[in-house]
J.: 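Pasting in a structure now, in structure tokens, and then I'll have a few things to ask.
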2 protein chains.
Amino acid sequence: MGHTQRGQCAKRISILDAAAQVFCREGFSGASIDEIAVEACVSRQTIYNHYREKETLFTAVVEDVMDRANAMLFSILSTFPDKSDHLEDDLTAFAVRLTKNCLCNQDGKFLRKLVQSEGERYPHLFETWRQHGPGKIGTALGALFARLSHKGVLRIDDFDLAARQFLALVNADLQMITLFGGTPTDEQLESAARNAVQTFIRAYAGPASEAAPRTPALAVVS
Amino acid sequence: MGHTQRGQCAKRISILDAAAQVFCREGFSGASIDEIAVEACVSRQTIYNHYREKETLFTAVVEDVMDRANAMLFSILSTFPDKSDHLEDDLTAFAVRLTKNCLCNQDGKFLRKLVQSEGERYPHLFETWRQHGPGKIGTALGALFARLSHKGVLRIDDFDLAARQFLALVNADLQMITLFGGTPTDEQLESAARNAVQTFIRAYAGPASEAAPRTPALAVVS
DNA sequence: GTCAAACTAGACACTATTGTCTAAAACGTC
DNA sequence: GACGTTTTAGACAATAGTGTCTAGTTTGAC
């Protein structure tokens, strides 16, 4: 048993990579092993050697993409602006990083599409993703917003809610583009992020919810 | 040629209905004509009589759902609060109507899922939908927000942007639920709508954007 | 160079699906 | 009840895909 790790590993990666693309393009039923084999420059039998059957390959691909996506996600989360004198610019830059590297990249597209189309068929597979991915991002972002709130930079009651709304706002301008598999340009990313951050800051800046519950009359500039 | 409209029409509806469910559940490739026939309580040949082939049936189903969804959408849009002394409550109720009858119902689920999974394969089919559906809802909602803004109830610069953000905020709390095909409860709908409306009003209420212009250049649209 | 492991190419049985065809049955109208 | 239309059930060929098997080839470590 010589440790031919490099060769095997290269094939594995090649297979996973090709399978991800084909599954994403055609869905689970529409993807054929032959197609994946051709795209991976590998014989069909090799695929069956590594992964017993189509479903095994599929779950392996999903787990692989999930791991990469989560790693990237928390890597980006760690760049959340901790101290900043230009909150709008820093939050915008953060939002751009987040969208570009997590939400709009290859893996993000794959997960959005596959969760949507095959999520109901593989509940446990995607539920772990939901917990470790979008579930965690909410609370993690929430914790980061909590820091900003405690510093008085923002005035936030419900941190998790604010995090969800932040993400939703960032997606507001991108959804139409990303819906058909399109990739937004850098300008679109920038614009979407800035629009989102401006609205977010307007909603959560200034001393609110102290005297007056939530009705208007809030001075904006600090 | 007796006008047996009722019988034929009933079959057509039955087929379209069953096909929508099966296509939604299994995707285009995964759905089999036999399955649809069984679900529609109809022989397979009848399907081939009405729709020449699988693809014809699929486009017919999509167009059918699109029409229903658009009709419902504009029906709900017409209930946008025109005059209101309780803006938050009225906007919340509107958001609940919108989510319940358009975004989270059977047709909304179908369109979200199928646009995502088959959108790239049928560009023209879903592009018309994009223009007549979500494309129009943005501008239509934008026009309604413009009215509120001109009355001084809200202070909005970019109406279409505000509309997109309103929709995004409403979805913020629902995405996690609706992602796996789940249907939110009335309480969840209410809560999501209220959270969204409160944040939206906080961002767009009060005299803003006159003393401190937040950014010179926005409104980037390609 | 040897050797074992991995890879390849192709044939193979099996199943599922599409779309066609036919003859019988059901339906609705007159 | 007769008639035309629609529906049905089933057989049917054609195609495509899965997963297995085998025999031959490459690869990499020693």
J.: Using atom CD of A/Glu55 as one end and atom P of D/dG17 as the other, report the distance to the nearest whole Å.
T.: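 Rounded to whole Å, this separation is 18 Å.
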
J.: Just to confirm, is there a sub-4.0 Å distance from OP1 or OP2 of D/dT7 to any side-chain nitrogen or oxygen of B/His50?
T.: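 Checking B/His50 against D/dT7: at least one side-chain N or O falls below 4.0 Å of OP1 or OP2.
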
J.: Check this for me: does any side-chain nitrogen of one of A/Arg194 and A/Glu88 sit under 4.0 Å from a carboxylate oxygen of the other?
T.: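 Here A/Arg194 pairs with A/Glu88 in a salt bridge, since their nearest N and O are under 4.0 Å apart.
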
J.: Using whole Å, report how far CZ of B/Arg44 lies from P of D/dC12.
T.: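 Rounded to the whole Å, the gap is 14 Å.
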
J.: Rounding to a whole Å, what distance do you find between A/Phe23:CZ and D/dG17:P?
T.: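 In whole Å, D/dG17 P and A/Phe23 CZ are 13 Å from each other.
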
J.: Quickly work out the A/Asn49 CG to D/dC21 P distance and round it to whole Å.
T.: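 Checked: the CG to P distance equals 12 Å.
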
J.: Between the side chain of A/Glu118 and the main-chain N/O of A/Val115, is any donor-acceptor distance below 3.5 Å?
T.: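 No, A/Glu118 side chain to A/Val115 backbone: no donor-acceptor pair under 3.5 Å.
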
J.: Using whole Å, report how far CG of A/Leu57 lies from C1' of D/dG19.
T.: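 It works out to 13 Å between those atoms.
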
J.: Can any side-chain N or O of B/Thr59 pair as donor or acceptor with the backbone N or O of B/Thr56 at less than 3.5 Å?
T.: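 Here the side-chain-to-backbone pair exists.
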
J.: Please tell me which of A/Phe28 and A/Gln45 maps to the more 5' nucleotide of DNA chain D, matching each residue to the nucleotide holding its nearest heavy atom.
T.: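 On the 5' side of the pair lies A/Phe28.
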
J.: Starting the side chain at C-beta, find the nucleotide from C/dT8, D/dG19, D/dT7 nearest to A/Thr46.
T.: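 For A/Thr46, the side-chain atoms sit closest to C/dT8.
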
J.: Between P on D/dT7 and OH on B/Tyr51, what's the gap in Å once rounded to a whole number?
T.: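 Value for this atom pair: 11 Å.
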
J.: Is the charged tip of A/Arg121 near the ring of A/Phe58: under 6.0 Å from the six-membered ring centre and within 45° of its axis?
T.: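 Negative - A/Arg121 is either too far from the ring of A/Phe58 or too far off its axis.
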
J.: Does the A/Arg112 side chain pair with the main chain of A/Leu103, one donor and one acceptor, at a distance under 3.5 Å?
T.: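 Pair found, side chain donor or acceptor close to backbone of A/Leu103.
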
J.: With a 4.0 Å cutoff (strictly under), does any side-chain N or O of B/Ser43 reach OP1 or OP2 of D/dT7?
T.: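 So the side-chain polar atoms of B/Ser43 never come under 4.0 Å of the phosphate oxygens OP1 or OP2 of D/dT7.
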
J.: In whole Å, what is the span from the CG atom of A/Asp34 to the C1' atom of D/dG19?
T.: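 Going from CG in A/Asp34 over to C1' in D/dG19 covers 11 Å.
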
J.: Ignoring the backbone of A/Ser32, work out which of D/dT20, D/dG17, C/dT17 is nearest its side chain.
T.: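 My answer, after comparing the listed nucleotides, is D/dG17.
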
J.: Given D/dT8, C/dT8, D/dT20, which nucleotide is nearest the side-chain atoms of A/Tyr48?
T.: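 So the side chain of A/Tyr48 is nearest to D/dT20.
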
J.: Grab the CZ-C1' distance between A/Arg52 and D/dG19 for me, whole Å please.
T.: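 Value for this atom pair: 11 Å.
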
J.: For A/Ala31, report the nucleic acid contact type (base, sugar-phosphate, nothing); a contact means any heavy atom under 4.0 Å.
T.: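 Sugar-phosphate contact only - A/Ala31 comes under 4.0 Å of backbone atoms but never of a base.
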
J.: Are A/Lys11 and D/dT27 close enough that a side-chain N or O sits under 4.0 Å from OP1 or OP2?
T.: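 For D/dT27, OP1/OP2 do not have a side-chain N/O of A/Lys11 under 4.0 Å.
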
